[in-house]
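Chain letters run A, B, ... following the sequence lines, proteins first and then strands; every chain starts at 1.
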Amino acid sequence: MAKKLTFYAMLAALALIFSYVESLFSLNFIAPGVKLGLANCAAMLLLIRGDIKGAFLVNTVRILLSTLLFSAPTTLLFSLGGGLISLLGMWILSKTRLFSAVGLCAAGGALHNAAQIIVALWFTGTPGLIYYLPILLIAGTVCGVLTGIVSFYMNKYIKTAF
Amino acid sequence: MIKKADIILIAAIICISIALFFLLVPTNSGNEAVIRVDNKELYRLPLDRDCEIKLSGNTVVIKDGCAFMESADCPDKICVNHIEISKKGQSIICLPNGVIVEVE
């Protein structure tokens, strides 16, 4: 248990570093708030290895901390909504055993952005936001493929003794 | 690393996105910029008259038929980096300050 907890903590720390690096450069020219989503690699690694509880734990900790450190508290709802719904979707898709990390992450990225738009529609009551949906779906899929490839190699090279 | 199902899934998402894009793209020019703070409508400004509105943390500018966020004191500056808006339904949102600028 102690080894596992340490591993989770290390992954959460790694995810936080990814979050920080992502906050340094903006992809806002694509659509407001677009990010690579590299921070999700930590949770992806646990998901690939079938540890869904750990994935949710690491991702929730990462989102809470990165929002407090690098963003405004009002954006917490958006980050949590996107992060948890995409992880839930990826978990369900992983149960089919049809998809690799790349496919899972691509779907996760698209789901993440779709969920954020839904939270934004509900939160701001601005129907015009739906215009962002197609561009955000494509951005989420492309970024998801990239994070999927990173997760694949993380899974290959990070060894654990438990 | 990549399976056949992955490619089908990714292609499906991209196809749906492109279809949605053509269904949803805003084309009609709007007449007014509506500024709301915390879901309360504060200003309704015609787009054909240039002006500058100072809110507590944000400055909204209307110039040459377009509205944009001139400055904001929020940490992420997503609203300031947003392109100017002029089509019906387009919006600029500053989440940290609860400011919404929407073209109607």
Side-chain angles (χ1 to χ4, degrees), chain A residues 23 26-29 31-35 67 69-78 93 96-107 109-111 113-114 119-120 123-142 144-145 148-149 151-153 155-156, chain B residues 1-28 30 34-41 57 69 72-83 85 87-104:
Chain A
S23 73
S26 158
L27 297 174
N28 270 335
F29 59 91
V34 170
K35 280 192 289 189
T67 306
L69 288 169
F70 316 122
S71 189
T74 32
T75 58
L76 180 66
L77 195 62
F78 292 76
L93 282 178
T96 66
R97 304 199 169 276
L98 282 171
F99 306 102
S100 74
V102 177
L104 290 179
C105 257
L111 264 176
N113 290 356
V119 175
F123 188 79
T124 66
T126 311
L129 282 180
I130 198 85
Y131 295 135
Y132 289 123
L133 185 61
I135 195 89
L136 281 176
L137 280 178
I138 292 178
T141 311
V142 174
V145 168
I149 294 169
S151 310
F152 176 85
Y153 283 107
N155 185 40
K156 200 168 160 188
Chain B
M1 182 162 72
I2 292 181
K3 293 184 188 171
K4 206 171 155 192
D6 293 334
I7 294 169
I8 296 170
L9 180 73
I10 293 166
I13 300 172
I14 302 276
C15 287
I16 292 170
S17 309
I18 292 170
L20 278 173
F21 179 78
F22 286 108
L23 279 174
L24 294 174
V25 68
T27 46
N28 299 329
V34 180
I35 302 176
R36 284 191 294 265
V37 179
D38 295 328
N39 280 335
K40 273 193 281 293
E41 186 176 319
M69 195 73 79
D73 60 3
C74 56
D76 50 23
K77 298 279 183 287
I78 284 172
C79 53
V80 178
N81 291 324
H82 196 287
I83 53 161
I85 54 172
K87 304 258 189 271
K88 219 170 250 176
Q90 282 185 315
S91 56
I92 300 175
I93 296 181
C94 180
L95 265 187
N97 294 344
V99 176
I100 301 174
V101 184
E102 194 182 8
V103 177
E104 286 184 2

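- Both the backbone and the side chain of A:Phe99 come within contact range of chain B, with heavy atoms under 4.5 Å apart.
- Between the CG atom of A:Leu133 and the CG atom of B:Leu23 there is a distance of 11.0 Å, given to the nearest 0.5 Å.
- The minimum heavy-atom distance linking B:Pro75 with A:Ser71 is given by the pair CG-C, 4.4 Å.
- The choice from A:Pro134, A:Ala101, A:Gly103 that makes the most heavy-atom pairs within less than 4.5 Å of chain B is A:Pro134.
- With a threshold of 4.5 angstrom between heavy atoms, A:Ala110 approaches chain B through side-chain atoms but not through N, CA, C or O.
- A:Ser100 places a side-chain N or O within donor-acceptor distance of the main-chain N or O of B:Met1, the cut-off being under 3.5 Å.
- Considering every non-hydrogen atom in both A:Ala106 and B:Ile13, the closest pair reads O-CD1, 4.3 Å.
- Using a 4.5 Å cut-off between heavy atoms, B:Ile93 touches chain A through its side chain atoms alone.
- Between A:Ile138 and B:Phe21, every side-chain heavy-atom pair lies at or beyond the 4.5 Å cut-off.
- Options A:Thr126, A:Val102, A:Thr141, A:Leu137 differ in how many heavy-atom pairs under 4.5 Å they form with chain B, and the most are formed by A:Thr126.
- With rounding to the nearest 0.5 angstrom, the CG atom of A:Leu77 is 9.5 Å from the CG atom of B:Leu95.
- Residue B:Ile78 touches chain A through both its backbone and its side chain, counting heavy-atom pairs closer than 4.5 Å.
- Counting only heavy atoms from C-beta outward, the side chains of A:Leu98 and B:Leu9 never approach each other to under 4.5 Å.
- The minimum heavy-atom distance linking B:Pro96 with A:Thr74 is given by the pair CA-OG1, 3.2 Å.
- The two residues A:Phe123 and B:Asn39 have their closest heavy-atom pair at O-ND2, 3.7 Å.
- Interface remark: B:Lys4 contributes no atoms to any contact with chain A (heavy atom separation under 4.5 Å).
- The shortest non-hydrogen separation linking B:Lys3 to A:Arg97 is NZ-O, 3.6 Å.
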